[in-house]
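Step one of this worksheet: look at the structure below.
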Amino acid sequence: MRDIRNFIAGQWCDSVSGKRGQVTNPANRNEVLASTPASEPADAERAIAAAAAAFPAWSRIPAPQRAALLHGVMQKVAAREEEFVQCITAENGKALRESRGEFQAALKEAEFQIGQGRRFGDRLLASEVPGATCYLARQPLGVVTLITPWNFPLNVACRKMLPALIAGNCCVVKPSDLTPISAALLFECVEAAGLPAGVANLLIGRGSVVGDTLVTHPSVQAVSFTGSTEVGIGISRKLESRATKVQLEMGGKNPLVVLADANLEAAVDAAIAGAFSCAGQWCTSTSRAIVEAPIHDAFVARLSEKVRAIKVGRGTDEKIWMGPVCGQKQYETILKFIELGKKEGARLCAGGAALTEGIYRDGCFIAPTVFADVRPEMTIAQEEIFGPVLVVIKAAGFDEALQIANGIKYGLASSIYTNDLAKAQRFVAESEVGLCHVNMITAWKEPQLEFGGIKESGRGAPEAGESGIEFFTHHKAVYVRGAS
Ligand code: NAP
């Protein structure tokens, strides 16, 4: 069992109260993986004060040098791959193959953001005044709070922390209380790379206890949050009357539209990879398959057959394809949605229950579940379940499929499977999402493009990509004349 501490002002420290929390293994609820600080508002204030104290010196370091220091952190991370991979699987539950994928994704995103350190700077423009220049200066904000979820505990922390620090800010990272171990490993790398004390601080504790301080403290200039729509909207309400910048990456209910001319096998495989990888716990997971009538029955039959064959087990077993879901609360929520789907009259085609016998007895295991005959207005077709549950909706044609895909409060990711270029182009133009795919899974993303949703899936500037660093800056218009 690990003994984890907060990392504040370059020191590993316990919470002021000395109260402790625990991290348990979703594949075996009886196994305690770590003892953690149960931080309180006083600890959040300490972390914010440490970041504020480090800010003046850090913000004066040129951006390429800040990026080089972060490169040093990521080299330490890269050298500890197997440790990170084992740790992500232990605390989140996902299969080792998926933890390796998350680890590599974190490195790729970091590589891109570190490169941004050499592109980051002011933009010079011609002035209309003879002998004068004008330019747009990009300046850091100060202290920023970075709140991360449990589904990608390493990748999301890196996605936020690197651009925030390269832009010259100092930060407090608050990982999910369910998965703080990977974040603690990341901060061991921060320490080993010699980042100046206070530039990056780690605070472990319940969001419901430390969240208010981290978000509303007067020294905090920006909050970047990834998590549920409910908590995200709550944060934005608290900041309504303040100047604090807010970036919210929230839930999704992502559609995969399958048209009659699509390659059936490819579409089924995309639905499975999109819906059941990481036990359906990607924000960009495929949660609705909207299938054109002529291909619908064949799609449901093939999908159900393949889903019933998915091997579920502990993430540490290299032979399994899908691990448990993360945490007792999420486990219970998913099972309630499954029962609701049955009550709403959807046709259960695969799964539909918890797995509780033998190796599954002590873990949060749920059989991969497919519902067909789902109507767009059903709760299971409207609400984010965030688990291994895929609903299939029949559409009479492309127009109806598009209407169903957009008829939802979320707007994160979507995909269409078709060989009809005109329909694919219309889908790209009219799909109400932040990430759109053609003949690819809904969850695909690459570091050079922005990442973020619209509608109830996102607020504020998107993360990552070329403009990801912008959220962590403010612009100052500067006019200079050489002589007075
Ligand atoms: P969550 O319950 O909203 O928690 C997210 C983070 O917010 C955690 O660190 C949590 O801390 C913290 N938090 C909770 N209450 C808070 C409060 N009152 N003030 C400040 N922070 C608070 O979400 P989750 O269950 O961890 O993650 C799953 C959700 O994230 C899904 O809805 C998924 O779609 C979404 N997600 C979205 C994206 C995206 O980019 N759009 C990416 C990944 C996940 P505790 O753990 O201590 O409660």
Side-chain angles (χ1 to χ4, degrees), residues 21-23 26 36-41 44 91-92 94 102 105 109 145-157 159-160 172-180 182-183 202-217 220 223-239 244 246-254 278-287 325-334 383-387 409-413 433-435 442-443 445 450-465 468:
Q22 279 185 343
V23 182
T36 56
S39 298
E40 295 189 340
E91 63 180 354
N92 170 277
K94 64 179 78 169
E102 173 174 354
E109 287 199 37
T145 287
L146 312 175
I147 301 175
T148 64
W150 44 259
N151 62 340
F152 284 89
L154 173 67
N155 195 4
V156 179
R159 182 181 300 158
K160 293 183 189 302
V172 179
V173 176
K174 211 287 298 161
S176 165
D177 209 32
L178 293 176
T179 57
S182 331
L202 172 68
L203 186 83
I204 298 169
R206 307 290 315 251
S208 53
V209 178
V210 294
D212 267 10
T213 310
L214 286 176
V215 164
T216 61
H217 193 287
V220 171
V223 177
S224 176
F225 164 90
T226 298
S228 62
T229 296
E230 188 190 350
V231 173
I233 297 295
I235 289 174
S236 76
R237 290 216 175 97
K238 276 177 210 150
L239 296 176
T244 320
V246 195
Q247 177 178 60
L248 305 174
E249 300 299 348
M250 305 183 284
K253 186 77 179 173
N254 311 299
C278 296
Q281 299 176 128
W282 301 13
C283 52
T284 47
S285 285
T286 305
S287 40
V325 301
C326 186
Q328 183 66 21
K329 188 168 154 242
Q330 192 58 22
Y331 173 77
E332 287 168 13
T333 302
I334 297 164
E383 295 299 327
E384 183 185 46
I385 299 174
F386 215 55
K409 67 184 175 192
Y410 296 107
L412 187 53
V433 289
L435 287 89
T442 56
K445 80 171 286 298
E450 283 71 24
F451 180 80
I454 58 170
K455 294 161 89 174
E456 297 291 288
S457 293
R459 297 273 161 89
E463 293 187 299

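As the structure lists them, so they are numbered: ligands from 1, and atoms in each ligand from 1.
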Legend entry - Proximity to ligand 1 by part of Thr148, non-hydrogen separation under 4.0 Å: backbone
Inset, instruction - Using a 4.0 Å heavy-atom threshold (strictly under), name the region of Asn151 that reaches ligand 1: side chain, backbone, both or neither. - result: side chain
Inset, instruction - Just need the protein heavy atom nearest to atom 40 (O) of ligand 1, so name the residue and atom and give the distance. - result: Phe451 CE2, 3.0 Å
Inset, instruction - Look at Glu109 together with Lys445 and state whether they make a salt bridge at an N to O cut-off of under 4.0 Å. - result: yes
Legend entry - Heavy atom of the protein closest to atom 27 (O) of ligand 1 (residue, atom name, distance): Pro149 CB, 3.5 Å
Inset, instruction - Using a 4.0 Å heavy-atom cut-off, say whether Met250 meets ligand 1 through its side chain, its backbone, both or neither. - result: backbone
Legend entry - Shortest protein contact, atom 25 (O) of ligand 1 (heavy atom only): Trp150 NE1, 2.8 Å
Inset, instruction - Quick one: pull up CG in Leu146 and CZ in Arg159 and give me the separation to the nearest 0.5 Å. - result: 12.5 Å
Legend entry - ligand 1 to Lys174 polar contact by distance, N or O atoms, under 3.5 Å: yes
Legend entry - Any donor-acceptor N or O pair under 3.5 Å, side chains Glu384, Ser287: no
Inset, instruction - Before giving the answer on side-chain contact (heavy atoms from CB on, under 4.5 Å), spell out for Ile385 and Lys253 the whole-Å C-alpha distance, their side-chain angles and the decisive distance to 0.1 Å. - result: CA-CA 8 Å; Ile385 299 174; Lys253 186 77 179 173; 3.8 Å; yes
Inset, instruction - Determine, step by step, whether Lys174 and Phe225 satisfy the side-chain contact (heavy atoms from CB on, under 4.5 Å) criterion, reporting the C-alpha distance in whole Å, the side-chain angles of both residues, the deciding distance to 0.1 Å, and the verdict. - result: CA-CA 10 Å; Lys174 211 287 298 161; Phe225 164 90; over 6 Å; no
Legend entry - Proximal candidate to atom 18 (N) of ligand 1 [heavy atom criterion; set Gly207, Ser176, Pro180]: Gly207
Inset, instruction - Return a yes/no value for Asp177: is any of its N or O atoms, backbone included, closer than 3.5 angstrom to an N or O of ligand 1? - result: yes
Inset, instruction - Report the nearest protein non-hydrogen atom to atom 5 (C) of ligand 1: residue, atom name, distance rounded to 0.1 Å. - result: Thr226 O, 3.6 Å
Legend entry - Sub-4.0 Å heavy-atom contact, Gly232 with ligand 1: no
Legend entry - Polar atom proximity, Val215 to ligand 1 (N or O, under 3.5 Å): no
Inset, instruction - Have a look at ligand 1 and work out which part of Ile147, if any, has a heavy atom under 4.0 Å from it: side chain, backbone, both or neither. - result: side chain
Inset, instruction - Apply side-chain contact (heavy atoms from CB on, under 4.5 Å) to the pair Val215 and Val246, showing each step before the final yes or no. - result: CA-CA 9 Å; Val215 164; Val246 195; over 6 Å; no
Inset, instruction - Could you tell me the residue and atom name of the protein heavy atom closest to atom 20 (C) of ligand 1, and the distance to it rounded to 0.1 Å? - result: Gly211 CA, 3.5 Å
Inset, instruction - Measure the distance from atom 35 (C) of ligand 1 to every protein heavy atom, then report the residue, atom name and distance (to 0.1 Å) of the closest one. - result: Gly227 O, 3.1 Å
Inset, instruction - Ignoring hydrogens and angles, tell me if any N or O in the side chain of Ser285 forms a donor-acceptor pair with the backbone of Gly280 under 3.5 Å. - result: yes
Legend entry - Part of Trp282 within contact of ligand 1 (heavy atoms, under 4.0 Å): neither
Inset, instruction - Return the option from Lys253, Glu384, Glu230, Lys445 holding the heavy atom at the smallest distance from atom 32 (O) of ligand 1. - result: Glu384
Inset, instruction - Could you tell me whether the side chain of Leu435 reaches within less than 4.5 Å of the side chain of Leu412, counting heavy atoms only? - result: yes
Inset, instruction - Under the side-chain contact (heavy atoms from CB on, under 4.5 Å) rule, what do Phe386 and Gln281 come out as? Steps first, then yes or no, please. - result: CA-CA 5 Å; Phe386 215 55; Gln281 299 176 128; 4.0 Å; yes
Legend entry - Nearest protein heavy atom with distance in Å, relative to atom 28 (C) of ligand 1: Phe386 CE2, 3.5 Å
Inset, instruction - Examine the side chains of Lys160 and Thr226 and answer whether a donor and an acceptor come within less than 3.5 Å of each other. - result: yes
Inset, instruction - Going by heavy-atom distance to atom 16 (C) of ligand 1, choose the closest among Asn155, Leu178, Val231, Thr179. - result: Val231
Inset, instruction - Using distance alone, decide if ligand 1 has a nitrogen or oxygen within less than 3.5 Å of any nitrogen or oxygen in Asp212. - result: no
Legend entry - Under-4.0 Å salt bridge between Lys409 and Glu383: yes
Legend entry - Check: Lys94 side chain, Phe152 main-chain N or O, donor-acceptor pair, under 3.5 Å: no
Legend entry - Within-shell test, Gly205 vs ligand 1, heavy atom, strictly < 4.0 Å: yes
Inset, instruction - Pick, from Cys283, Ser287, Ser228, Gly234, the option with the minimum heavy-atom distance to atom 39 (C) of ligand 1. - result: Cys283
